[in-house]
Amino acid sequence: MFGITKKKSNIFVVATPIEGVCIPITAVSDEVFAQKMMGDGFAIKPTNNANKVVAPISGKVVSLPESKHAIGITDEVRGISVLVHIGIDTVRLKGKGFKTFVEVG
C-alpha cells in the first residue's frame, strides 16, 4: 500500500531452553549430536541450580517420547522444527526424574 514494502526477514529467534553456558554442538560427548546426525544446533551446559527446561520457540509439540528426555516442537508458521534433548544417555532413565507439562498436539 502506498508503494511501501516490508522487508522479509530470514531471522529466526531461538531462546535458550535452560539457564547455562551455550557451547557448539560439535563439543558434545555424544557422537550422534557432535557429528550433527540429528541436524545443526547447539548445546547448553546448565548451571548447577537449573532444573527447568522451557520451549525455545513458539509452536506445536510434535513429539514427546515416553522417556520424556526430548521434545520436538514445530513452528507451523515458518515450518521450522526443533528438538530439545535433555542430557546424554537420558533415554535409559525411562522417564524417571522428568515431569512434563505438555502433550503432543
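In this chain, residues are counted from 1 in sequence order.
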Original post:
Sequence neighbours excluded, which residues qualify as side chain to side chain donor-acceptor pair (under 3.5 Å) partners of Thr16?
Top reply: none

Original post:
Can you list the residues that meet the salt bridge (charged side-chain N to carboxylate O under 4.0 Å, His left out) rule with Lys45, with sequence neighbours excluded?
Top reply: none

Subject >> For Asp89, all residues meeting side chain to side chain donor-acceptor pair (under 3.5 Å), sequence neighbours excluded >> reply: none

Subject >> Pairs touching residues 48-60 that satisfy side-chain hydrogen bond (donor to acceptor under 3.5 Å, both in side chains), sequence neighbours left out >> reply: Thr47-Asn49

**OP:** Find out whether Ile18 and Val54 are in side-chain contact, i.e. whether some heavy atom of one side chain is under 4.5 Å from a heavy atom of the other.
**Re:** no

Subject >> Pairs flagged by ring-ring contact (aromatic ring centres under 6.0 Å, His included) wherever residues 41-84 is involved - sequence neighbours left out >> reply: His69-His85

**OP:** Keeping to residues at least two apart or across chains, list the side-chain hydrogen bond (donor to acceptor under 3.5 Å, both in side chains) pairs with something in residues 26-35.
**Re:** Glu31-Gln35

Subject >> Any pair counted as salt bridge (Lys or Arg N to Asp or Glu O under 4.0 Å), so long as it reaches residues 90-105, sequence neighbours left out >> reply: none

Original post:
What pairs with Ala27 under side-chain contact (heavy atoms from CB on, under 4.5 Å), at least two apart in sequence or on another chain?
Top reply: Ile23, Pro24

Original post:
Should Val104 and Val62 be marked as a side-chain contact (heavy atoms from CB on, under 4.5 Å) after you check the CA-CA gap, both sets of side-chain angles, and the distance that decides it?
Top reply: CA-CA 5 Å; Val104 173; Val62 294; 5.7 Å; no

Original post:
Between Pro56, Pro17, Ser81, which is the residue that forms a side chain to side chain contact (heavy atoms under 4.5 Å, CB included) with Ile73?
Top reply: Pro56

**OP:** For Ile80 and Ile57, run side-chain contact (heavy atoms from CB on, under 4.5 Å): C-alpha distance rounded to whole Å, both residues' side-chain angles, the deciding distance at 0.1 Å, then the answer.
**Re:** CA-CA 10 Å; Ile80 296 172; Ile57 64 169; 5.5 Å; no

Original post:
Considering residues at least two apart in sequence or located in another chain, which fulfil the side-chain contact (heavy atoms from CB on, under 4.5 Å) criterion with Val77?
Top reply: Asp75

Original post:
Who are the side chain to side chain donor-acceptor pair (under 3.5 Å) partners of Glu19, not counting sequence neighbours?
Top reply: none

Subject >> Linked hydrophobic residues, Ile25 as query - side chain contacts closer than 4.5 Å >> reply: Val28, Val32, Phe33, Met37, Met38, Leu83, Ile88

Original post:
Linking Ile, Leu, Val, Met, Phe, Trp and Tyr by side-chain heavy atoms under 4.5 Å, what else ends up with Phe101?
Top reply: none

Subject >> Contact check, side chains of Val61 and Ile71, non-hydrogen atoms, under 4.5 Å >> reply: yes

Original post:
Any sub-3.5 Å donor-acceptor pair from Ser67's side-chain atoms to Val91's backbone N or O?
Top reply: no

**OP:** Quick one: pull up CG in Leu64 and CZ in Phe98 and give me the separation to the nearest 0.5 Å.
**Re:** 11.0 Å

